[in-house]
Protein chains: 2
Amino acid sequence: MPANNTRSYPNSQPTPRSQNLEDIAAKAGVSRSTVSRVINNEPHVSEKTRHKVLAVIQAEGFTPNPAARALVTQRTQVIGVVIPQVPLILFEDAYYFPTLLQGISRVTNARDYSMLLWLGQADGDEERFYNRIISNRLMDGVIIASAGENYPLIDHFLRVQTPFVLVERPARRHDQNRISYVTIDNIAAAREAVTHLIRLGHTRIGTITGNLAIADGIDRLEGYKQALYAAHLPVDNRLIAVGNFTYHSGYEGAQKLLAQVGDHQSGKALDAIFVASDIMARGVVEALQEAGLNVPDDIALVSFDDLPTAQQVRPPLTSVHHPVEEKGAHAADILIDLIEADDPVPQQIMLPTELIIRQSCGEY
Amino acid sequence: MPANNTRSYPNSQPTPRSQNLEDIAAKAGVSRSTVSRVINNEPHVSEKTRHKVLAVIQAEGFTPNPAARALVTQRTQVIGVVIPQVPLILFEDAYYFPTLLQGISRVTNARDYSMLLWLGQADGDEERFYNRIISNRLMDGVIIASAGENYPLIDHFLRVQTPFVLVERPARRHDQNRISYVTIDNIAAAREAVTHLIRLGHTRIGTITGNLAIADGIDRLEGYKQALYAAHLPVDNRLIAVGNFTYHSGYEGAQKLLAQVGDHQSGKALDAIFVASDIMARGVVEALQEAGLNVPDDIALVSFDDLPTAQQVRPPLTSVHHPVEEKGAHAADILIDLIEADDPVPQQIMLPTELIIRQSCGEY
DNA sequence: AGACCTTCTGAGAGCGCTCCCGCCTAATTC
DNA sequence: GAATTAGGCGGGAGCGCTCTCAGAAGGTCT
């Protein structure tokens with residue numbers, strides 16, 4: 001750290017010290033306290049002095065020093081956003097995390113917060129990543145996106161009572177009610193998607209699941225089963241291929257289903273597939289076409305996420321739409337509510353989804 | 001703002017005040033100053049006391065209060081990242097901004113900074129957006145991505161001598177040498193791409209330009225022209241369609257070229273197109289196929305950016321690869337250098353590109 | 001007229017850190 | 001052995017703000 005704080009620039013006078021409350025007070029002919037009151041919109045300031053002070057603030061372009069303010073209030077008006085799995089997410093679904101950030105940003109802008117972004121690195125030095133976040137005490141609260149179940153940060157923030165919100169359901173934690181999160185109703189959405197296939201007359205419906213270590217994967221499979229139960233159709237394990245949300249796992253999953261249920265050209269061993277993500281569905285389409293099968297005539301497809309890619313695939317995919325931007329916005333809103341509450345109560349929100357009908361399910 | 005700073009949680013004792021230097025000093029049996037010296041890795045501390053203090057810090061999990069530190073040092077170890085055109089960028093090229101952020105994040109992590117993210121909103125209240133950024137004094141410096149030429153923030157940061165780096169070349173500013181930026185050599189890259197088409201025997205080469213209000217658009221067109229000059233081919237204005245980097249403008253641009261140079265089924269009025277972005281190229285492919293033309297047999301295509309989509313389009317696109325992640329990393333590195341320099345000197349960096357050969361140019 | 005509010009304002013303390021200054025001790029020099 | 005020097009350490013000031021407290025000014029009531 002350099003010895004002199006006032007950095008020197010070539011051919012220019014040294015940067016002038018920026019103004020403080022005292023300077024503004026002197027120019028307005030009042031005290032520091034009064035200026036502070038005006039800035040913080042407190043009562044008990046006469047209209048006359050308020051205007052006088054505001055005029056000076058405006059003229060001087062004064063903004064109070066956030067560090068000094070934070071030092072005394074113990075508040076920074078900054079929230080953190082932690083996205084651990086960036087390389088993975090980015091590779092599979094580039095829209096997700098910018099869209100989420102966009103939603104968060106909309107709310108932080110509106111509620112006068114700013115966001116500190118923490119992206120996990122490809123090098124995978126998670127220990128260091130966590131430590132940097134934990135030791136950064138500049139944040140009033142944190143949004144954690146797609147972290148998985150036992151993410152160490154969760155326990156840390158619970159322990160030190162830092163408000164935080166997860167963007168996902170922490171499926172296997174016993175303390176779900178102590179944790180705030182926003183998610184979608186994966187079960188209901190998957191049930192609706194599969195029910196739609198059933199309504200179209202399909203009876204041999206397979207599924208390619210997402211990663212069954214996280215709630216999105218678990219719940220979409222559960223919804224698939226519930227739809228079959230409700231229609232009194234059997235749940236056949238040979239019709240369930242476990243994937244992990246990647247293109248490749250979709251491709252392989254489709255091949256596995258085809259292999260497991262025998263000859264599809266003739267017998268109607270499999271007539272539709274519910275795929276737990278659009279990215280996987282792209283792989284499924286590829287595999288089916290390679291096998292000489294037509295979508296949707298031979299096998300109908302419904303998938304999940306409704307990414308832009310769903311419209312670009314041939315045939316366009318019927319898919320469950322996901323309000324990602326809204327997830328971000330709600331997460332930020334809940335978090336700021338927690339931060340500002342005298343007596344914070346964890347909140348859990350499930351956002352509605354919508355089944356978008358396109359050609360892959362054969363109804364179009 | 002609540003009257004009491006120590007927030008109360010239900011069924012728990014009030015949050016204990018977090019420790020400070022004085023507490024650590026007491027536990028280690030030294031003074032506040034010595035602890036500060038240890039934390040800041042200053043000399044003139046005996047190895048013995050240094051170890052003793054470090055042990056206590058470790059045991060207590062102590063981290064110094066960043067607000068207090070910032071208050072006296074005038075440094076926050078925070079850089080800002082401003083991305084004004086998010087909705088536009090996101091719609092056209094979802095990979096760009098997460099990848100850029102990823103690059104920035106890699107460097108900030110390594111150099112012990114954190115990043116404050118500012119995303120432009122769809123509502124387009126730019127005035128308010130700028131003001132929020134300007135009045136946030138929590139940042140030691142700023143990276144501004146894809147802002148366009150006369151972005152008000154540029155002038156502001158120049159005026160108040162806040163270090164900043166642009167991710168793009170500020171094409172039409174006369175004060176380019178006062179401004180730090182990182183970009184690619186668009187002219188050379190475009191020249192190489194077009195020269196490649198010429199080498200493959202094409203002589204009637206059209207182009208669909210990007211947005212000619214920004215450097216990327218201007219320079220890629222310039223590179224196209226330079227390649228023609230060098231090969232002694234005429235620059236025919238009827239072969240130049242002005243686009244703006246969007247899918248739609250690519251689609252329309254292709255139709256315009258076809259219309260302007262007459263009958264393409266028979267006469268060889270147009271045999272190749274250099275498209276200034278992959279996104280536009282997707283539109284071009286669509287338009288050409290609708291016109292019954294085969295890519296690359298009837299019309300060869302070379303485009304720019306090498307997004308993942310370039311591999312997914314049929315035929316896969318020959319395209320100029322763009323080191324977006326590296327752009328972010330370099331921008332962050334330059335910025336932090338500027339921040340930490342006693343005597344900052346603006347830097348301009350041009351990163352190398354690479355022409356990736358795929359099927360759309362007909363060579364494969 | 002005095003007592004009592006009520007509204008407005010200013011002074012002082014203190015948040016937790018860094019940095020300057022000066023003291024103490026031990027090592028080095030003549 | 002006295003004088004000097006250097007390393008190691010502690011105390012004080014102050015960064016710019018908020019918040020409490022007390023005082024000044026003005027109005028209302030007995």
Side-chain angles (χ1 to χ4, degrees), chain A residues 1-7 15-53 57 60 62-77 135-138 140, chain B residues 1-7 15-54 56-57 60 62-77 135-138 140:
Chain A
M1 215 155 286
N4 58 333
N5 285 326
T6 53
R7 198 168 318 154
T15 319
R17 179 185 62 78
S18 60
Q19 301 197 71
N20 60 25
L21 281 190
E22 209 83 50
D23 299 327
I24 301 299
K27 289 194 170 106
V30 295
S31 77
R32 177 173 36 93
S33 305
T34 300
V35 178
S36 174
R37 273 188 273 264
V38 171
I39 286 175
N40 293 298
N41 249 318
E42 284 170 22
H44 305 312
V45 179
S46 71
E47 276 313 296
K48 204 175 135 213
T49 48
R50 188 180 295 273
H51 275 98
K52 192 167 52 180
V53 171
I57 289 174
E60 305 286 328
F62 173 75
T63 319
N65 182 321
R69 194 175 235 179
L71 182 56
V72 34
T73 59
Q74 308 275 47
R75 287 280 199 76
T76 58
Q77 301 285 116
S135 60
N136 182 295
R137 293 167 49 199
L138 221 51
D140 292 338
Chain B
M1 216 156 286
N4 59 332
N5 285 325
T6 52
R7 197 169 319 154
T15 320
R17 179 186 62 79
S18 59
Q19 302 197 70
N20 59 25
L21 281 191
E22 208 84 49
D23 299 327
I24 302 299
K27 289 192 169 107
V30 295
S31 76
R32 175 173 37 92
S33 304
T34 300
V35 178
S36 173
R37 272 187 275 264
V38 170
I39 286 176
N40 294 296
N41 249 317
E42 284 171 22
H44 305 312
V45 179
S46 71
E47 276 313 295
K48 202 174 138 217
T49 47
R50 188 182 296 273
H51 274 99
K52 192 169 54 183
V53 172
L54 282 175
V56 176
I57 289 174
E60 304 287 328
F62 173 74
T63 320
N65 182 320
R69 195 173 231 180
L71 182 56
V72 35
T73 60
Q74 308 276 43
R75 286 281 200 76
T76 57
Q77 300 285 115
S135 60
N136 181 295
R137 293 168 49 199
L138 221 51
D140 291 338

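Residue numbering restarts at 1 for every chain, and letters A, B, ... go by the order of the sequence lines.
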> So, for B:Ala67 and A:Leu71, which heavy atoms are closest and what is the spacing to 0.1 Å?
Replying inline: CB-N, 3.9 Å
>> Using the side chain to side chain contact (heavy atoms under 4.5 Å, CB included) definition, which of the options A:Ile39, A:Val35, A:Asn40 pairs with A:Pro64?
In response: A:Ile39
>> With rounding to the nearest 0.5 angstrom, report the CG to CG distance, B:Asn20 to B:Asn65.
In response: 9.0 Å
> Can you tell me how far the CD1 atom of B:Ile24 sits from the CG atom of B:Leu54, to the nearest 0.5 Å?
Replying inline: 11.0 Å
>> According to side chain to side chain contact (heavy atoms under 4.5 Å, CB included), who are the partners of B:Thr76, at least two apart in sequence or on a separate chain?
In response: B:Ala70, B:Val78, B:Leu138, B:Asp140
> Sequence neighbours excluded, which residues qualify as side chain to side chain contact (heavy atoms under 4.5 Å, CB included) partners of B:Thr49?
Replying inline: B:Val30, B:Val45, B:Ser46, B:Lys52
>> Between A:Gln77 and A:Arg69, does the side-chain contact (heavy atoms from CB on, under 4.5 Å) criterion hold? Intermediate values first, please.
In response: CA-CA 10 Å; A:Gln77 301 285 116; A:Arg69 194 175 235 179; over 6 Å; no
> Are B:Ser36 and C:dT18 close enough that a side-chain N or O sits under 4.0 Å from OP1 or OP2?
Replying inline: yes
> Which pairs with one or both residues in residues 28-49 of chain B pass salt bridge (Lys or Arg N to Asp or Glu O under 4.0 Å), sequence neighbours excluded?
Replying inline: B:Glu22-B:Arg32, B:Glu47-B:Arg50
Measure all distances between protein nitrogen or oxygen atoms and nitrogen or oxygen atoms of nucleotides 24-28 of chain D, and list the pairs falling under 3.5 Å.
none

> Through what angle, rounded to 10 degrees, does the axis of the helix from C:dA1-D:dT30 to C:dC30-D:dG1 turn between its ends, using five pairs per end?
Replying inline: 50°
> Atom CD1 of A:Ile39 to atom P of D:dC19: distance rounded to whole Å?
Replying inline: 13 Å
> How many Å lie between CZ on A:Arg75 and P on D:dC17, as a whole number?
Replying inline: 19 Å
>> For nucleotides 9-16 of chain C, give me one character per nucleotide, 5' to 3': B if any protein heavy atom sits under 4.0 Å from the base, S if the only such contacts are to the sugar-phosphate, - if neither.
In response: BBBBB-BB
